Engineer: 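For reference, the structure I am asking about is given below.
Just so we're clear, the structure is a prediction, and the values are computed from it rather than from any experiment. When a ligand or atom number is given, it counts from 1 through the structure's own listing order.
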Amino acid sequence: MKLVSAKEMLTKAKEGHYAVGHFNLNNMESIRAFLLAAQETRSPIILGVSGGTAKYMGGYRTIADTVQGFMDFLQITVPVALHVDHGTYEEALDAIENGFSSVMFDGSKYSISENIEKTKEVVSRAHAKGISVEAEVGAIGGEEDGVIAMGECADPAECERIASLGIDFLAAGIGNIHGKYPANWKGLNFDVLARIQEKTGALPLVLHGGSGIPADMVRKAITLGVSKVNVNTECQIAFTEATKQYFAEGKDQLSKGFTPRAMLAPGLEATKRVCIEKMELFGSLGKAD
Ligand code: 13P
């Protein structure tokens, strides 16, 4: 199966009151882990690529060709979208020209008028090629240089303006942040989410910072219009913990235990396990059929 735009899978998710998981790629093991998790559970999936991952893994064209190559080799038959995560304007345009099937343009650092201008341009270039577009209003907080910024809440009126540009799905801050949530986190702001939902109608909404949000809050956000949930940190932690355990148990000292494929296998399995748990929570298992 070829990579697909995320529009159809998210429209179906919104109508069916579940969410599709977006999982960030970090290395080759993560490609294999997420594709196998989706295939085994018959779940649609979105693979996200940040600017950092794009640089690490050889650029958008290399990643698109690699993911498509894995899909062909593993005989993946569920819908998979390859998506730019928090792309700058330049990154979004680069990915559109280089094999991605979906892009996020994160214009939240700009004024709303500049965000609108740039989002419009990305929509027109992406849609000409059948590529779906995610826009963002209201910056999503998180840890930067050791300082954790609390998540902002998007202005529902600004969401309505961005939603009218023909985008396919919208990331709007509702107190969510990337990375680990601090002990004094106040939780998701469901009043703001309900107001955004009212202003944006059928448009699928995106919940970033999906790691560490209690399950009941995630379920409630889905009932209020969230159709895509982004997860990265929990998969990264699972990978690291499994790898640490491999060494702690001295498995690298066993015959051929030093080979990189052997030492990365537990991390791959742990990543796949977390991915399946999250997809179950989001309600997307079996939705590929
Ligand atoms: P977490 O790392 O908090 O799961 O957030 C991922 C994300 O939102 C990527 O855009």
Engineer: Give the numbers and elements of all ligand 1 atoms closer than 4.0 Å to a heavy atom of N24.
Structural biologist: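 Heavy-atom distances to N24 below 4.0 Å select 9 (C).
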
Engineer: Between E234 and ligand 1, does any nitrogen or oxygen pair lie at a separation below 3.5 Å?
Structural biologist: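 Min N/O separation from ligand 1 is not below 3.5 Å for E234.
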
Engineer: Between V231 and ligand 1, is there a nitrogen or oxygen pair with a distance under 3.5 Å?
Structural biologist: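 No: no nitrogen or oxygen of V231 is under 3.5 Å from one in ligand 1.
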
Engineer: Who's the nearest protein heavy-atom neighbour of atom 4 (O) of ligand 1, and how far?
Structural biologist: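 Looking only at protein heavy atoms, the one closest to atom 4 (O) of ligand 1 is S211 OG, 2.6 Å.
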
Engineer: Write out the residue and atom name of the closest protein heavy atom to atom 7 (C) of ligand 1, then the distance separating them to 0.1 Å.
Structural biologist: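 Result: H178 CD2, 3.3 Å.
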
Engineer: Looking only at protein heavy atoms, identify the closest one to atom 8 (O) of ligand 1 and say how far it is in Å.
Structural biologist: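 Answer for atom 8 (O) of ligand 1: G209 N, 2.8 Å.
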
Engineer: Do the side chains of K12 and E8 get close enough for a salt bridge, i.e. N-O under 4.0 angstrom?
Structural biologist: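 Yes.
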
Engineer: Which is it for N232 and ligand 1 at heavy atoms under 4.0 Å: side chain, backbone, both or neither?
Structural biologist: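 Both backbone and side chain of N232 come within 4.0 Å of ligand 1.
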
Engineer: Below 4.0 angstrom from a heavy atom of H208, which ligand 1 atoms are there? Numbered from 1 as shown, please.
Structural biologist: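 Near H208, meaning under 4.0 Å from one of its heavy atoms, ligand 1 has 8 (O), 10 (O).
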
Engineer: Identify the closest protein heavy atom to atom 3 (O) of ligand 1: which residue and atom is it, and at what distance?
Structural biologist: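 Going by distance alone, atom 3 (O) of ligand 1 is nearest to G179 N, 2.8 Å.
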
Engineer: Tell me, do F23 and M279 make a side-chain contact under 4.5 Å, heavy atoms counted?
Structural biologist: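 Yes; the side chains approach each other to less than 4.5 Å.
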
Engineer: Can you tell me the protein heavy atom closest to atom 10 (O) of ligand 1 and the distance?
Structural biologist: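 Here the nearest protein heavy atom works out to D85 OD2, 2.7 Å.
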
Engineer: Is there side-chain contact between T271 and E29, with at least one heavy-atom pair below 4.5 Å?
Structural biologist: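 They are not in side-chain contact.
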
Engineer: At under 4.0 Å between heavy atoms, which part of H86 makes contact with ligand 1: side chain, backbone, both or neither?
Structural biologist: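 The answer is the side chain of H86.
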
Engineer: Return the orientation label for the H22 and H208 ring planes: parallel under 30°, perpendicular over 60°, tilted otherwise.
Structural biologist: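 Aromatic pair H22/H208 classed tilted.
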
Engineer: Taking 4.0 angstrom as the limit, do K118 and E121 come out as a salt bridge?
Structural biologist: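 Salt bridge flag = no for E121 with K118.
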
Engineer: Could you tell me if K287 sits above the aromatic ring of Y18, with its cationic atom closer than 6.0 Å to the ring centre and no more than 45 degrees from the axis?
Structural biologist: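 Cation-pi check for K287 and Y18: passes.
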
Engineer: Could I get the full list of side chain to side chain donor-acceptor pair (under 3.5 Å) partners for E15, not counting sequence neighbours?
Structural biologist: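 Here no residue qualifies.
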
Engineer: Which ILVMFWY residues are connected to I237, directly or by a chain of links, through side-chain heavy atoms under 4.5 Å apart?
Structural biologist: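 Answer for I237: none, a lone residue.
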
Engineer: Under 4.0 Å from a heavy atom of T233: give me the atoms of ligand 1 that qualify, with their elements.
Structural biologist: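 Answer, ordered by atom number: 1 (P), 2 (O), 3 (O), 4 (O).
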
